[in-house]
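Here is the structure we will look at, set down as structure tokens.
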Amino acid sequence: MYKLTGVTKLYQKGRRTVPAVRDLDLVIEDGEWLAVQGRTGHGKSTLLNLLGGLDRATQGTVELDGTDLGALRETQLTRVRAEKIGFIFQTFNLIPTLSAAENVEAALIPLKVGHADRQARVAAALDSVGLADRAAHLPSELSGGQQQRTAIARALVKEPKVLLADEPTGNLDEDTRDEIIGLLEHLWRERGLTLVLVTHDTSLARQAQRVGVMSKGRLTIKQDNRPGPRPETHPVTAGHDPVT
Amino acid sequence: MFFATYLRRELRRRMRQAIFVALGLAVGIGLVVTVSAASAGVKKAESSVLASLYGVGTDVTITGEAPQAKKRSANGQPPKGGTTIQGGPNGATICQDGKCENAAGKTISSLAPQYSPIKSAEVADVARLHDVAAAAGGLLLTDNTITFPKDFGKAGGSQPPTPSTVSVDGVAARHTALGPLSAASLTSGHSFSAADSDAHVAVVDSGYATSNNLKAGSTITVDSVKFKVIGIVRQPQSASPPDVYIPLEVAQGLKTGPLGVETGDVNTIYVTATSAADISVVQHEIAKLLPHATVTTAASLANEVTGSVANAAKLANDLGKWLAILVLIAAFAVASLLTMSAVARRVAEFGTLKAIGWRTRRIVAQVLGESVVMGVIGAALGVGLGFAGAAIISKVAPKLSANVPTSSGGFTQSQTAVGPGGVTHSSSPSSASHVVAVPLHPSITGSVIVLAVILAVAGGLLAGSFGSWRIARLRPVDALSQVA
């Protein structure tokens with residue numbers, strides 16, 4: 001479970017200090033699917049970076065399962081990313097010299113998984129995204145959709161608790177996009193992942209349980225389809241109780 | 001396994017750059033190997049020159065003072081044992097020990113030491129010095145023979161004859177491993193043994209043997225004494241080896257004229273120091289013990305060696321060394337810049353790896369591994385280039401010449417002068433030099449190859465370190481933002 005309390009992230013642009021995220025309180029439950037929408041430059045990716053431990057908040061705390069990510073040393077944070085968080089990027093970010101299987105295997109290297117176990121898990125991960133027959137192919141030999149499937153397999157092979165996806169369908173055509181959306185939804189349901197997805201794609205966002213919109217560094221929940229009783233209002237502002 | 005796969009694939013992807021970096025390092029390493037090989041070859045050439053003067057294993061040579069000609073007596077008579085030749089209307093007259101006779105058709109022979117004598121007790125004193133491992137005496141002599149034509153000295157008679165000079169070296173038959181015979185190679189017969197110490201036997205230089213048609217078993221005459229030739233030897237590179245080697249004890253018993261030595265005297269001592277580091281100490285101790293003697297070490301003699309061998313040594317040590325260092329620096333710089341550039345292009349890749357949980361040191365190890373592999377390839381190519389360079393030098397380099405001073409362990413020059421007062425025949429130690437032609441054979445030692453590999457790997461590591469420094473400072477969020 002994520003718990004963000006009073007999170008502000010400021011960037012220095014020349015002499016100007018630019019707030020990317022402002023005083024954000026947010027709780028993301030385990031197994032929840034949160035989609036974050038918003039215009040470019042309004043803090044969506046910054047929020048994702050804070051959740052993934054890729055960046056540290058200027059103020060406030062980002063807790064994952066009760067651990068304040070901002071208080072961890074870089075090596076500890078790296079460990080958290082290795083064990084608990086899977087990333088999916090808009091540009092796939094596959095290592096161009098490694099085959100699909102080797103790219104997936106790369107995610108297991110920090111976990112010191114034995115060779116045989118690694119091979120088995122890589123094969124299973126590729127199979128789960130429908131790329132068992134493309135294991136030996138280099139990224140350049142794969143289509144965009146296949147590359148993103150490989151990236152998803154890489155994110156999932158370590159069986160993370162959280163999957164953070166930044167515009168996963170941004171570089172894909174419509175058919176492929178639907179494939180990827182279907183795959184993500186399937187994996188989310190099947191594996192009980194916490195999925196935080198940043199997207200411009202409204203059709204993709206609609207699949208999520210909750211949809212928030214980032215605007216000028218503030219998050220407003222626009223849609224909440226989670227089962228069970230919910231709070232009546234969803235504004236996220238300073239000094240208020242965190243959105244749940 | 002994954003490390004190796006990733007490394008191999010990455011190097012294959014950047015094949016051109018990897019080849020360029022490896023070639024750059026190879027050129028630098030090749031130059032280092034070639035220069036080192038040439039330098040070693042020159043040193044070897046110098047050593048062979050010095051060995052011919054000195055003998056293998058001799059660290060220090062002690063020679064007596066240059067002999068001073070004894071003055072004539074007040075009545076103009078030559079000193080005892082001296083010989084004068086007077087020209088006159090009835091022909092030339094030889095006067096020796098107060099007796100004069102007509103020189104025409106006569107042959108006179110005189111044996112002269114090349115240096116002032118050193119007492120044999122002083123050889124023992126030198127041998128007892130703390131840092132001296134062994135010492136052996138030697139007696140360098142010159143046997144001059146002049147045969148006067150029958151009409152010599154008469155009006156319109158023959159010109160003054162040119163004396164024939166044979167250099168004779170009395171060597172300690174029990175210590176042939178030390179001294180001039182130590183560097184010689186036997187071409188026929190055998191060398192001295194301890195039993196030959198007082199035998200009239202001789203070992204002859206191959207050049208002298210050829211010109212005088214001598215072989216093992218022949219007989220030669222030194223100062224009217226017959227010696228049986230028991231062996232023929234060849235000295236390395238030397239231009240003026242002694243013509244004849246005879247046992248020291250026998251040499252000491254020969255009659256050596258007005259500048260003569262007494263029984264038991266030597267005029268050269270060959271010394272081996274306990275260790276190479278002690279040579280200067282030994283030199284200092286001997287200088288204190290024998291203040292009038294000339295003490296020469298291989299190093300001091302090497303300083304006196306001039307000619308192309310010295311120029312080549314200077315070229316290899318100065319220009320070659322600096323050229324190799326400059327090329328290495330350039331190669332290291334290029335390798336570093338290319339690695340930095342490669343890291344800059346792979347920022348997103350490293351950011352992704354950090355995002356999926358790779359620790360910085362793991363990524364750094366990957367980059368360093370790639371750089372080290374390029375360094376090792378560079379080392380292999382460089383050593384190959386070095387061998388090629390050494391082979392080319394060996395093939396095309398002309399023979400080096402060494403102007404070697406003859407004053408240390410060299411041999412005397414004899415002079416015969418004819419003037420109004422008669423013919424004066426004298427011999428004196430020469431301060432001149434002679435030229436030795438030495439082939440240059442560059443040699444690549446194991447230590448040079450190890451040095452080359454270390455340098456190349458260090459170059460790779462240096463290049464990798466710059467890249468690693470960049471990676472270590474890389475924040476994943478910044479790296480990933482470069483993709484977006």
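Below, chains carry the letters A, B, ... as their sequence lines are ordered, and counting in each starts from 1. In what follows, every heavy atom counts, from backbone to side chain, and hydrogens, waters and symmetry copies are set aside.
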Exercise. Can you tell which part of A:Arg154 gets under 4.5 Å to a heavy atom of chain B, answering side chain, backbone, both or neither?
Key: side chain
Exercise. Name all residues meeting the side-chain hydrogen bond (donor to acceptor under 3.5 Å, both in side chains) criterion together with A:Asp65; count only those two or more places apart in sequence or in a different chain, and write none if there are none.
Key: A:Lys84, A:Lys161
Quiz prompt | Where A:Arg81 and B:Pro476 come nearest, the two heavy atoms and their spacing | solution = NH2-CG, 4.1 Å
Practice problem: Anything in residues 1-25 of chain B with a heavy-atom distance to chain A below 4.5 Å? Please list those residues in order. | Solution: B:Met1, B:Phe2, B:Thr5, B:Tyr6, B:Arg9, B:Glu10, B:Arg13
Quiz item: Which heavy atom in B:Gly357 sits nearest to a heavy atom in A:Pro110, and how many Å separate them?
Solution: O-CB, 3.2 Å
Exercise. Decide yes or no for A:Asp55 and B:Arg475: does some side-chain heavy atom of the first lie under 4.5 Å from some side-chain heavy atom of the second?
Key: yes
Self-check item: Interatomic distance, A:Phe92 atom CZ to B:Thr352 atom OG1 [nearest 0.5 angstrom]
Solution: 12.5 Å
Self-check item: Per-residue contact mode, A:Pro96 against chain B (heavy atom under 4.5 angstrom)
Solution: side chain
Quiz item: Mind checking whether B:Leu480 and A:Asn93 have side chains closer than 4.5 Å, heavy atoms only?
Solution: yes
Quiz item: Do you know which of A:Leu138, A:Thr75, A:Leu111 has the most heavy-atom pairs under 4.5 Å to chain B?
Solution: A:Thr75
Quiz item: What part of B:Arg359 lies closer than 4.5 angstrom to a heavy atom of chain A: side chain, backbone, both or neither?
Solution: both
Exercise. Please list all pairs passing the salt bridge (Lys or Arg N to Asp or Glu O under 4.0 Å) test where one or both residues lie in residues 328-338 of chain B, with sequence neighbours left out.
Key: none
Quiz prompt | Spacing of B:Ile356 atom CD1 and A:Leu108 atom CG [to the nearest 0.5 Å] | solution = 9.0 Å
Exercise. Verify the neighbour count for atom CZ of B:Phe466: are there more than 12 heavy atoms of other residues, nucleotides or ligands below 6.0 Å?
Key: no
Quiz item: Within the side chain of B:Trp358, is there an N or O that forms a donor-acceptor pair under 3.5 Å with the backbone of A:Ala106?
Solution: yes
Quiz prompt | Any residue meeting side-chain hydrogen bond (donor to acceptor under 3.5 Å, both in side chains) with A:Gln76, in chain and number order, not counting sequence neighbours | solution = none
